[in-house]
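In what follows, a structure is listed as C-alpha cells, so that the remarks can point back to it.
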Number of protein chains: 2
Amino acid sequence: MKKHSVVIVDDHLLFAQSLQGLVNTFEEFEVLYHVKNGSELIKKLLESENVPDIILLDINMPVMNGFETMEWIKENRPSIQVLALSMDDHEETIIKMLRLGAKGYLLKDIHPEIFYKALNEVISNGIYYSERVATTLLNSLHGGNDKDVKNGKPLKDTELMFLKLACTEMTYKEIAQEMCLSPKTIDGYRESLFKHFKVKSRIGLVLYAIRNNLVNSK
Amino acid sequence: MKKHSVVIVDDHLLFAQSLQGLVNTFEEFEVLYHVKNGSELIKKLLESENVPDIILLDINMPVMNGFETMEWIKENRPSIQVLALSMDDHEETIIKMLRLGAKGYLLKDIHPEIFYKALNEVISNGIYYSERVATTLLNSLHGGNDKDVKNGKPLKDTELMFLKLACTEMTYKEIAQEMCLSPKTIDGYRESLFKHFKVKSRIGLVLYAIRNNLVNSK
DNA sequence: TTTCAAAAGGGGCTTTTTCCCCTTTATTTG
DNA sequence: CAAATAAAGGGGAAAAAGCCCCTTTTGAAA
C-alpha cells in the first residue's frame, strides 16, 4: 500500500525536522518535505507535480502566515487536506482557521498517539476534531457569541496600519501624524475597532491584536 | 563510549517527542526522558539517581516556567548543563536566562545540524552561543544598555499582581479596588514600573509584560 | 448627473492617564 | 531606641483617551 504523503510547514526548523522524523515512523505516512513558510510551500507546490495528501500547517510564521497560506491552498489546491498545527488555543484563531477550510486544528501539546490518530482520521473522514478544540468551539457557539462579526470582515489596510501603531507607545496624535491623517480620523478608526472587537480601551485593543495575531509583536 | 544523556523539558508534547526522536539519532546522545514542565522535571530529578548531562529547557510553560526551573537547577543540580530552547528571541529573555546560568540559548528555528553542534559544544566547552544570540547580546552591551537594571531585581508580589491587572481593560481605579489599595498607591506602582521598564505609557507596560512573559496573556 | 454611502474630519465634553512633589505609616537596622 | 528606608497614600494639573453627535469630502452606483 502506498503511503500517504505529508508536507510540514513550520518556521521552527528544529520542530519541523523532528516532526518529520516522528511522522516517518508511522507505517502509513511519509513526509515529502518541509518548508519554513507559506511562500516556500507555494513555490514547492507549483514546481512539483507531487501533490501531498496532507499539509501540516503552522500559523505563526514570519513571512507568510498560516491564514494567508490556508487561503491560497483553498483557492489553488483544494483537494489537499490541511491540518492546522499551532500552540495558539484561542477561540478566534481556531474558528478563523477552520472557517478558512482547515480540516482540523491540532495543538502542539497533543500526545503523539493522538497526533497519529488525527492523521488517520483526516485521511479516512476528511476531518479531525480534538476533544479540546471541539469543546472550545462548542463554548463559542453556546455563549451566543458573534465571533462571526469579529472575524467576518477583514480589516481595511488603514485600520490594520492604525492597529499596528496603536500597539506601540505612540499617542493617537502621533499616530495621526505618522499616517498623515487628522487626529479625528484616527479617533474614528479607534471607535470603529473598539466596536468591532468589543473592547473598551486601547489596552483591550492591544491585547486583542496580539492574541489574534493581527500584529506580530511577540 | 557511553552516550551523553539528555532530558527534554517542554510542554508541547508533540515537539518533545519529536525532538527526542531526533536526539536519539545522534551517535553521542540519548534522551533519558522528557517532561511537560519544571515541576515534573524536579520530581524526576529527585526520585531518580540517574542525573542527565544536559537539560533542554523550554521557557514558556504553563505550570513552572523556564526561569523558575533554571533557578532550581542552579541551586540544586548545578553540574547539569542547561540549554535554553525557545522561540522567544527577545534580548531580555535571552539575557535573563543566561544570567540564571543557562549554558546556551537555542532558538527553535535553528537547523538540526547546528542543534547537534550545540549539544556537542556544551559537552566539550560547557557553553554554546549561536551567532544570532551572540549578536543580540553584543547589541545589548553596545547600546550602553542597562537591561541589568531591568532584570536585576525581580518584581515584588504586589507589583506583579498590579502588572497582571494592568494587562486587562480595568482602569487604575478598578485595579485599586480589586487590590484593596488606594488609587494613589496604584499610581505609585505604575510610576515605579514605568521607570523600571523604561516605558512611557500603560501600552508600553503591557507590551513589555507580554514580551517578557511577565504575564501569560497569549 | 443625481444620489447614496463610506471615509475623513470636527466640536465639545468627561474620564483616565501621567506626572511631580509632598505626607503618613510601617519596617528595618545601626 | 533612633534613624533610615520603604511602602502607602494624597493634591493637583496637564495630557491623552474615550464618547457622541455632527459636517464635509469623495467615490462609486443608479
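Letters A, B, ... are given to chains in the order of the sequence lines, protein chains preceding strands, and every chain is numbered from 1.
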Is there any protein nitrogen or oxygen under 3.5 Å from a nitrogen or oxygen in nucleotides 11-17 of chain D, and what are the pairs?
unit_1, atom_1, unit_2, atom_2, d
dG11(D), N7, Lys184(B), NZ, 3.2
dG11(D), O6, Lys184(B), NZ, 2.7
dG12(D), O6, Lys184(B), NZ, 2.7
dA16(D), OP2, Lys173(A), NZ, 3.3
dA17(D), OP1, Arg202(A), NH1, 2.8
dA17(D), OP2, Tyr172(A), N, 2.9

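- None of Leu85(A), Ile8(A), Leu83(A), Val9(A) except one satisfies the side-chain contact (heavy atoms from CB on, under 4.5 Å) rule with Ile55(A); the exception is Val9(A).
- A salt bridge does not link Asp88(A) to Lys96(A): none of the charged side-chain nitrogens sits closer than 4.0 Å to a carboxylate oxygen.
- For Ile175(B) and dA8(D), the CD1 to C1' distance is 17 Å, given to the nearest whole Å.
- Atom NZ in Lys200(A) sits about 18 Å away from atom C1' in dC20(D), given to the nearest Å.
- Inter-residue side-chain proximity for Val199(B) and Glu169(A) is flagged as met; some heavy-atom pair is nearer than 4.5 Å.
- Around the CD atom of Gln177(A), the shell of radius 6.0 Å holds no more than 12 heavy atoms that belong to other residues, nucleotides or ligands.
- Counting heavy-atom neighbours within 6.0 Å of Met179(A) CE, excluding the residue itself, gives a total above 12.
- Taking a heavy-atom distance under 4.0 Å as the criterion, the stretch of DNA chain C touched by chain A extends 5' to 3' from dA7(C) to dG12(C).
- Side-chain atoms of Asp53(A) come within 3.5 Å of backbone atoms of Ser5(A) as a donor-acceptor pair (strictly under, hydrogens ignored).
- Nearest heavy-atom pair across Ala118(A) and Leu106(A) is CB-CD2, 3.7 Å.
- Rounded to 10°, the helix from dT1(C)-dA30(D) to dG30(C)-dC1(D) has 30° between the axis fitted to its first five pairs and the one fitted to its last five.
- Using cut-offs of 30° and 60° for the angle between ring planes, the Tyr208(A) and Phe197(A) rings count as parallel.
- At most 12 heavy atoms of other shown residues, nucleotides or ligands fall within 6.0 angstrom of atom NZ in Lys36(A).
- Taking CZ of Arg99(A) as the start and CZ of Phe67(A) as the end, the distance is 11.5 Å to the nearest 0.5 Å.
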